[in-house]
There are 2 protein chains.
Amino acid sequence: MLAIGTLSRRTGTKVQTIRYYEEIGLMNEAGRTAGGQRRYFEKDLDRLAFIRHSRQLGFSLDSIRELLDLSDNPSQPCAEADSIARRQLRQVEQRIKRLQALKKELKRMVAECDGESVAECKVLEVLRDHSECLTEHDEIGA
Amino acid sequence: MLAIGTLSRRTGTKVQTIRYYEEIGLMNEAGRTAGGQRRYFEKDLDRLAFIRHSRQLGFSLDSIRELLDLSDNPSQPCAEADSIARRQLRQVEQRIKRLQALKKELKRMVAECDGESVAECKVLEVLRDHSECLTEHDEIGA
DNA sequence: CTTGAACCTCTATCTGCTGTAGCTTGTATC
DNA sequence: GATACAAGCTACAGCAGATAGAGGTTCAAG
């Protein structure tokens with residue numbers, strides 16, 4: 001039987017975060033000692049590791065919920081898991097694209113700044129006037 | 001005199017967001033009509049445009065606050081604006097790096113999936129076992 | 001003068017946690 | 001068995017950065 005702190009250490013997850021995952025139904029409700037402390041089995045550790053790893057790959061908690069449901073029913077075809085992963089891949093690719101546009105613009109901004117007074121600062125000038133931008137960047141980098 | 005809806009349309013900012021910016025002190029408190037509605041000058045529009053453009057380039061509201069302060073005092077040297085922009089550039093570059101590692105891993109995941117049953121789904125398998133990962137990805141893409 | 005779009009305030013919600021306060025439990029050591 | 005104290009517990013507040021809705025008021029065109 002594992003205490004919550006053990007799961008925490010072994011998965012690199014904050015104790016509060018584990019309790020939070022239970023609260024939102026991502027982790028099953030843990031068994032308790034007579035005194036009310038949570039106790040876990042190895043399978044709970046595996047589930048938590050799955051969640052953390054998915055988070056590291058950028059999946060939302062909702063996507064992870066779907067993936068866990070699939071994982072719990074091993075007889076279905078895995079097309080759905082595949083499509084969730086592809087969706088995530090597309091999102092990551094789009095974010096990269098947007099960030100690269102931002103990077104280009106920021107680079108140009110700082111390259112043109114010659115350290116003169118704020119009055120003629122290129123950085124501030126560009127921020128003031130979007131029309132000076134060379135690239136499109138209409139969405140906020142999320 | 002411009003109504004809040006006009007600022008909203010001309011900058012692509014939701015009305016609530018403009019009020020939110022006022023609430024947190026990014027926008028100055030607007031003047032009011034006798035009936036209590038906000039009214040703006042062109043300079044407020046410019047300030048809002050500056051904020052939105054900075055947000056599109058990924059600057060945090062705190063950074064924007066600093067940039068606005070600088071912009072309001074045009075006689076100082078612009079080294080500080082420059083360093084804020086450079087910091088932002090570094091952040092963007094790091095995010096791109098992390099996302100590219102994720103992309104690589106996700107690509108491999110979906111490439112190896114052959115549509116068989118969930119039981120042998122590569123996607124789920126990789127999520128279950130971090131040691132199958134080829135790339136490092138220890139931080140969550142933010 | 002009437003209509004109705006646009007405005008107002010206030011509060012709640014979202015994502016994904018993280019931190020704090022104040023108290024209780026479990027376990028190792030004496 | 002007593003004691004110390006790390007680790008657990010609940011409950012609630014807070015972060016960024018908005019966004020949405022309820023329920024009511026104002027402005028401007030016709």
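Proteins come first, then strands; the chains are lettered A, B, ... in the order of their sequence lines, and each starts at number 1.
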Rounded distance (Å) that lies between atom [atom2] of [N] and atom [atom1] of [X]:
{"X": "A:Asp62", "N": "C:dC14", "atom1": "CG", "atom2": "P", "answer": "11 Å"}
{"X": "A:Gln37", "N": "C:dG26", "atom1": "CD", "atom2": "P", "answer": "5 Å"}
{"X": "A:Arg32", "N": "D:dG8", "atom1": "CZ", "atom2": "P", "answer": "13 Å"}
{"X": "B:Leu2", "N": "D:dC27", "atom1": "CG", "atom2": "P", "answer": "16 Å"}
{"X": "B:Gln16", "N": "C:dC8", "atom1": "CD", "atom2": "P", "answer": "11 Å"}
{"X": "B:Tyr20", "N": "C:dC10", "atom1": "OH", "atom2": "P", "answer": "17 Å"}
{"X": "A:Glu29", "N": "D:dC9", "atom1": "CD", "atom2": "C1'", "answer": "15 Å"}
{"X": "B:Glu22", "N": "D:dA18", "atom1": "CD", "atom2": "P", "answer": "15 Å"}

With the side chain of [X] defined as its heavy atoms from C-beta on, choose the nearest nucleotide among [options].
{"X": "A:Arg39", "options": "C:dG26, C:dC17, D:dA28", "result": "C:dG26"}
{"X": "B:Ala3", "options": "C:dC7, D:dA20, C:dC17", "result": "C:dC7"}
{"X": "B:Arg52", "options": "C:dG26, C:dG16, D:dA18", "result": "D:dA18"}

Any [X] side-chain N or O less than 4.0 Å from OP1/OP2 of [N]:
{"X": "B:Tyr21", "N": "D:dA18", "answer": "yes"}
{"X": "A:Ser60", "N": "C:dT15", "answer": "no"}
{"X": "A:Thr33", "N": "D:dG8", "answer": "no"}
{"X": "B:Arg38", "N": "C:dC8", "answer": "yes"}

**OP:** To the nearest 0.5 angstrom, please state how far the CG atom of B:Leu89 sits from the NZ atom of A:Lys107.
**Re:** 6.5 Å
Using a strict cut-off of less than 4.0 Å between a Lys/Arg side-chain nitrogen and an Asp/Glu carboxylate oxygen, indicate whether [X] and [Y] qualify as a salt bridge.
{"X": "B:Arg86", "Y": "B:Asp82", "result": "yes"}
{"X": "B:Arg108", "Y": "B:Glu112", "result": "yes"}
{"X": "B:Glu22", "Y": "B:Arg19", "result": "no"}

Hey, does [X] reach any base, or is it just sugar-phosphate, or nothing, if we go heavy atoms under 4.0 Å?
{"X": "A:Arg19", "result": "base"}
{"X": "A:Phe59", "result": "nothing"}
{"X": "B:Ile4", "result": "sugar-phosphate"}

**OP:** Return the 5'-most residue of the pair A:Gly35, A:Leu61 with respect to DNA chain C, ranking by each residue's nearest nucleotide.
**Re:**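 Residue closer to the 5' terminus by nearest nucleotide: A:Leu61.
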Original post:
For residues A:Arg52 and A:Tyr21, is any side-chain donor paired with an opposing acceptor at under 3.5 Å?
Top reply: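 Looking only at side-chain atoms, A:Tyr21 and A:Arg52 do form a donor-acceptor pair, the distance falling under 3.5 Å.
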